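Just so we're clear, the structure is a prediction, and the values are computed from it rather than from any experiment. For the numbers below, each heavy atom of this structure counts, side chains included, while hydrogens, waters and symmetry mates do not. Residue indices begin at 1 and follow the sequence shown.
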Amino acid sequence: MVIRTVLISLAAALTLSACNAQKQSEQLEATASPLYTQIDDDPSWQRVKDSDALRPHHTNTTKGYKGSKVDVNNALVEVGPYANNPIIQDNLAIHTVGHASIRREQFDRWTRWYQEDGNTQVFRLFKGEENLRNKRENAARIESFSTKDKWAPAQGVWREWAGRFTIIKSAGCALPHMCSIFQAKGNNVDHWSVMIRLDEHGNIWYVPRKEQPKIGNKKYIVAKNMNGKGFDVRVRDNGMDYEVFIDNKKVGYGQWERTEEVGFRWGIYVGRSEVTDDIMLFATGVTMQ
């Protein structure tokens, strides 16, 4: 058994060479504290793809694939106003590279991509991974969502998502599409109103579906160099209006009309891009109301 403790700097990162984008996404290990310990290693995507775990390709499969264990340092990760909120138990599902809706009783089959430790959810994608549940190219993801907590739009009735993200590895979130780590999405008709995205350098982006320059509603970086760091998020949405708060600061608001149910998804979604390197993040104390 191989046990690897991964150290992430909690101090300010030293200036790194602009010609090496990958190094920019990693924190130096001086005076670092461990945010997690990884037990054992994970095989390449090609090895997983060649196995029977996700076959037949381009269909939903339930076999899954187990991965190395991620032991979260809960004392360091689970801090802030959401630290003591337990992980949602009822009606939680995950959307994986091999199936669109895996329920809790089968989570332990999919530990390569998703794990839980204390009040923290662990999300991982690995270099080269892609969607195999249908024929859509690229589109790798590991997102969680509630099968129950979706609501019909109602004027003046706000729904809220809140939790804390800790960014561990972002190098695979290649520009320009990056990775969505949160999206206000409950249906495939009106789609999403707003996303929070992560780029390969560890920057956090506010991304509205439709920019509204007159009210300052536009895509922009709200936090820089967040590898090895955590931040609190709160999103409110009523089916027309939405607003996003990071570390209790309002970073954006806008409008996108939904005619069908409103919901929330969080984790890692790469979309049309390739996964150019490993990606990992934690979500702690998520609540919906």
Side-chain angles (χ1 to χ4, degrees), residues 5-11 27 32-39 69-95 102-105 107-108 110-111 113-124 142-151 158-170 180-184 186 194 196 198 202 204 206 222-223 226-237 242-251 262-268 279-289:
T5 299
V6 179
L7 302 179
I8 304 292
S9 177
L10 300 181
Q27 297 291 316
S33 298
L35 291 182
Y36 73 100
T37 298
Q38 179 176 316
I39 302 172
K69 178 177 173 56
V70 176
D71 184 4
V72 176
N73 187 332
N74 304 91
L76 290 181
V77 172
E78 294 174 0
V79 296
Y82 312 119
N84 295 323
N85 294 337
I87 295 172
I88 298 167
Q89 296 297 308
D90 296 336
N91 307 301
L92 190 69
I94 54 175
H95 187 155
I102 295 293
R103 304 304 174 89
R104 174 166 292 284
E105 59 268 21
F107 283 178
D108 61 351
W110 298 84
T111 55
W113 300 281
Y114 180 79
Q115 298 178 35
E116 297 178 349
D117 187 337
N119 297 333
T120 297
Q121 298 172 275
V122 177
F123 299 90
R124 298 190 291 181
I142 175 62
E143 290 182 299
S144 59
F145 61 96
S146 172
T147 59
K148 177 181 178 182
D149 295 310
K150 298 180 181 181
W151 308 277
W158 289 85
R159 307 300 181 179
E160 181 174 297
W161 184 99
R164 182 176 181 83
F165 286 112
T166 303
I167 308 302
I168 305 299
K169 299 179 182 180
S170 68
S180 169
I181 63 174
F182 170 88
Q183 52 178 327
V194 66
I196 298 172
L198 170 68
I204 307 300
Y206 166 84
V222 296
M226 294 301 290
N227 279 311
K229 301 175 185 177
F231 56 98
D232 299 320
V233 174
R234 185 163 63 93
V235 179
R236 302 176 72 234
D237 193 317
Y242 59 84
E243 50 189 22
V244 177
F245 299 81
I246 291 183
D247 287 336
N248 211 32
K249 178 184 177 182
K250 192 172 184 176
V251 297
V262 178
F264 305 113
R265 302 173 72 96
W266 64 101
I268 307 169
I279 308 165
M280 178 160 63
L281 60 82
F282 302 154
T284 297
V286 169
T287 61
M288 289 180 285
Q289 58 185 17

Legend entry - Salt bridge flag under 4.0 Å for residues R164 and D232: yes
I'd like to know if the side chain of [X] and the backbone of [Y] have a donor-acceptor N/O pair within less than 3.5 Å.
X    : Y    : result
T166 : G230 : no
N73  : P34  : yes
Q183 : I181 : no

About how many Å separate [atom2] of [Y] and [atom1] of [X], when rounded to the nearest 0.5 Å?
X    : Y    : atom1 : atom2 : result
Q121 : I94  : CD    : CD1   : 9.5 Å
W151 : Q289 : CH2   : CD    : 8.5 Å
I102 : H95  : CD1   : NE2   : 10.0 Å
D71  : I39  : CG    : CD1   : 5.5 Å

So which heavy atom on [X] is nearest to which on [Y], and how close?
X    : Y    : value
L35  : F282 : O-CE1, 4.1 Å
N227 : S170 : ND2-OG, 3.0 Å
R104 : Q89  : NE-O, 3.3 Å
D237 : W158 : N-CE3, 3.5 Å

[Y] side chain reached by [X] side chain, heavy atoms, under 4.5 Å:
X    : Y    : result
E116 : L92  : yes
R124 : I142 : no
W266 : M288 : yes
D149 : N91  : no
M226 : F165 : no
R103 : T147 : yes
I204 : K229 : no

Quiz: residues 76-84 side-chain donor-acceptor pairs under 3.5 angstrom, not counting sequence neighbours:
residue : atom : partner : partner atom : Å
E78     : OE2  : N74     : ND2          : 2.9
E78     : OE2  : N119    : N            : 2.8
E78     : OE2  : T120    : N            : 3.3
E78     : OE2  : T120    : OG1          : 2.8

Legend entry - Y114/F123 under ring-ring contact (aromatic ring centres under 6.0 Å, His included): CA gap, chis, key distance, verdict: CA-CA 5 Å; Y114 180 79; F123 299 90; 5.4 Å; yes
Inset, instruction - Show your working on side chain to side chain contact (heavy atoms under 4.5 Å, CB included) between M280 and V122 and close with a plain yes or no. - result: CA-CA 7 Å; M280 178 160 63; V122 177; 4.2 Å; yes
Inset, instruction - Determine the interplanar angle of the W161 and F182 rings, folded into 0 to 90°, and report it as parallel if under 30°, tilted if 30 to 60°, perpendicular if over 60°. - result: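 Taking F182 first and then W161, their aromatic rings sit tilted (interplane angle of 30° to 60°).
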Inset, instruction - Could you tell me whether K148 atom NZ has more than 12 heavy atoms of other residues or ligands within 6.0 Å of it? - result: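 Count not over threshold, so no.
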Legend entry - Test log, rule side chain to side chain contact (heavy atoms under 4.5 Å, CB included), inputs I268 and L281: CA-CA 8 Å; I268 307 169; L281 60 82; 3.8 Å; yes
Inset, instruction - Step through it carefully: locate the ring centre of F145, locate the ring centre of F264, and say whether they are under 6.0 Å apart. - result: no
